[in-house]
Amino acid sequence: MLDNDKIKRVLVKFSGEALAGENGFGIENDILKYIANQIKELVINDIQVGIVIGGGNIIRGVSAAKGGLIKRTSGDHMGMLATVINAIAMQEALESSGLDVRVQSAIQMEAFCETYIMRRAQRHLEKGRVVIFAAGTGNPYFTTDTTAILRAVEIEAKLIIKATKVDGVYDKDPHKFEDAKFLNTLSYEEAMKDNIKVMDDTAIALAKDNKLPIVVCNMFHDGNLLRIIQGDMSKCSIVTN
Ligand code: UDP
């Protein structure tokens with residue numbers, strides 16, 4: 001089980017859609033501000049925070065390639081760029097809440113942000129700066145969930161939190177099935193099952209190999225991230241061995 005006293009460094013993953021609000025597209029400033037306040041609470045409590053944000057509120061490679069005109073690889077490049085747009089927006093929100101922030105991109109974009117360098121990222125975190133990891137892994141055919149696990153392992157985070165719009169993981173879709181059961185804890189194998197799919201298989205396999213616990217929680221419950229890191233796991237799902 002988790003030793004919450006030792007959790008000093010975490011990685012929080014937000015999907016791009018989380019930034020979009022009701023309409024599912026673009027970026028809502030009120031949501032950015034809300035997230036910034038949630039992250040600030042962590043930093044004030046001496047927790048070192050890395051962030052990965054998706055790009056689904058702008059474009060996803062698979063959808064871009066659907067019509068056949070745009071190749072999947074180009075679509076994925078567009079998707080990775082979308083994550084940079086979100087990261088820059090998030091940086092502004094975090095900075096205006098008084099935090100020190102660095103965006104590090106997997107693809108060199110020196111006029112916009114730093115390039116990802118693991119040791120430099122670790123140094124920023126040690127100094128209390130929030131680091132936002134942008135442009136995914138830098139490779140097509142991957143997701144930002146896989147990016148989040150990869151970066152979490154690289155920076156030696158003790159926990160990864162997938163901050164979502166739902167309370168956690170159910171054994172089936174709670175919107176469709178009245179008897180859907182909430183799963184407070186589950187194994188990596190269970191997390192990979194088709195009906196559950198906490199993240200894509202690549203992401204979960206990487207977490208399993210590195211014994212990185214994955215927490216799924218509702219980011220819209222005020223204070224949830226801090227409560228979880230401080231040990232209250234009652235209102236979330238946790239994937240461990
Ligand atoms: N992407 C990619 N390689 C990566 C991470 C992301 O090619 O390592 C692309 C991919 O096209 C993906 C898009 O970026 O669809 C946005 O990421 P994702 O779909 O994971 O965002 P989310 O669903 O979390 O908003």
Side-chain angles (χ1 to χ4, degrees), residues 11-28 31-32 34-35 38-39 50-91 93 103-109 112-113 115-118 121 131-155 160-166 168-169 191-192 196-207 210 212 214-220 225 239:
L11 193 136
V12 187
K13 158 79 204 296
F14 297 96
S15 73
E17 271 170 14
L19 307 188
E22 289 306 309
N23 65 8
F25 187 81
I27 300 170
E28 278 228 3
I31 295 185
L32 281 182
Y34 171 81
I35 293 177
Q38 303 300 305
I39 298 294
I51 296 178
V52 168
I53 317 174
N57 56 324
I58 300 170
I59 198 153
R60 286 199 175 91
V62 175
S63 340
K66 240 182 200 152
L69 175 69
I70 295 171
K71 285 194 209 72
R72 169 69 190 271
T73 43
S74 296
D76 281 341
H77 292 160
M78 292 157 74
M80 284 186 265
L81 287 171
T83 72
V84 181
I85 294 174
N86 286 335
I88 291 172
M90 177 64 76
Q91 172 171 246
V103 174
Q104 287 206 343
S105 166
I107 306 278
Q108 197 173 349
M109 248 179 257
F112 292 176
C113 56
T115 302
Y116 174 64
I117 298 173
M118 186 198 69
V131 182
I132 308 174
F133 300 103
T137 61
N139 301 291
Y141 300 101
F142 287 94
T143 63
T144 51
D145 279 351
T146 299
T147 309
I149 302 287
L150 176 65
R151 295 293 182 246
V153 171
E154 285 181 284
I155 64 169
I160 172 160
I161 302 180
K162 181 168 167 147
T164 71
K165 294 176 180 174
V166 295
V169 183
M192 275 189 206
I196 294 182
K197 280 267 176 236
V198 170
M199 289 180 172
D200 57 280
D201 290 357
T202 313
I204 294 174
L206 191 57
N210 292 283
L212 177 72
I214 307 169
V215 166
V216 184
C217 75
N218 192 329
M219 61 182 249
F220 291 110
L225 297 181
V239 183

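Basis for what follows: all heavy atoms, side chains included, without hydrogens, waters or symmetry-related copies. Since this is a predicted model, take the numbers as computed values, not measurements. In listed order, ligands and their atoms are each counted from 1. If you read the sequence from its start, that first residue is 1, and numbering goes on from there.
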Heteroatom distance test (Lys13, ligand 1): nitrogen or oxygen, under 3.5 angstrom: yes

Nitrogen or oxygen atoms of Gly16 and ligand 1 under 3.5 Å apart: yes

Short N or O distance, Ala135 and ligand 1, threshold 3.5 Å exclusive: no

Close-contact set for ligand 1 against Gly56 heavy atoms, below 4.0 Å: 21 (O), 22 (P), 25 (O)

For atom 13 (C) of ligand 1, the protein heavy atom that lies nearest, with its residue and separation: Gly79 CA, 3.6 Å

Under 3.5 Å donor-acceptor, Thr83 side chain and Ala134 backbone: no

Heavy-atom side-chain contact between Ile88 and Cys113 under 4.5 Å: no

Numbering as shown, the atoms of ligand 1 that approach Thr147 to under 4.0 Å (heavy-atom distance): 5 (C), 8 (O)

Heavy-atom nearest neighbour in the protein, as seen from atom 17 (O) of ligand 1, with distance rounded to 0.1 Å: Thr144 CG2, 3.5 Å

Under 3.5 Å donor-acceptor, Asp76 side chain and Phe142 backbone: no

Gap separating the CD1 atom of Ile51 from the CE atom of Met90, nearest 0.5 angstrom: 5.5 Å

Min N/O separation Ile59 to ligand 1 under 3.5 Å: no

Parallel, tilted or perpendicular: ring planes of Phe220 versus Tyr34, cut at 30 and 60 degrees: parallel

Salt bridge (charged side-chain N to carboxylate O under 4.0 Å, His left out) contacts touching residues 138-150 (sequence neighbours left out): Lys13-Asp145, Asp145-Lys162

With Lys66 via salt bridge (charged side-chain N to carboxylate O under 4.0 Å, His left out) - residues at least two apart: none

Exceeds 12 heavy-atom contacts within 6.0 angstrom, atom OH of Tyr141: yes

Asn139 and ligand 1 - part of the residue with a heavy-atom distance under 4.0 Å: backbone

Reported CD-to-CZ distance for the pair Glu154 and Phe133, which is rounded to 0.5 angstrom: 8.0 Å

Numbered atoms and elements of ligand 1 in range of Gly136, under 4.0 angstrom, heavy atoms: 4 (C), 5 (C), 8 (O)

Closest approach of any protein heavy atom to atom 19 (O) of ligand 1, naming residue and atom: Arg60 NE, 3.1 Å

Top protein contact for atom 2 (C) of ligand 1, by heavy-atom distance: Phe142 O, 3.2 Å

Proximal atoms of ligand 1 relative to Gly54 (non-hydrogen, under 4.0 Å): 21 (O), 22 (P), 24 (O), 25 (O)

Short N or O distance, Asp145 and ligand 1, threshold 3.5 Å exclusive: no

Per atom 7 (O) of ligand 1, closest listed option by heavy atom (Leu81, Asp76, Thr202, Thr143): Asp76

Any side-chain heavy-atom pair of Ile160 and Ile214 under 4.5 Å: yes

Side-chain H-bond candidate by donor/acceptor type, Thr147 with Thr144, under 3.5 Å: no

Atom 12 (C) of ligand 1: the protein heavy-atom neighbour that sits closest, reported with distance to 0.1 Å: Gly61 N, 4.1 Å

Subset of ligand 1 atoms that lie under 4.0 Å from at least one heavy atom of Pro140: 7 (O)

Atom pair CG (Leu81) and CG (Asn86), whose distance is rounded to the nearest 0.5 Å: 11.5 Å

Protein heavy-atom partner closest to atom 16 (C) of ligand 1 - residue, atom, separation in Å: Gly55 N, 3.7 Å

Contact partition for Thr137 relative to ligand 1, non-hydrogen atoms under 4.0 Å: both

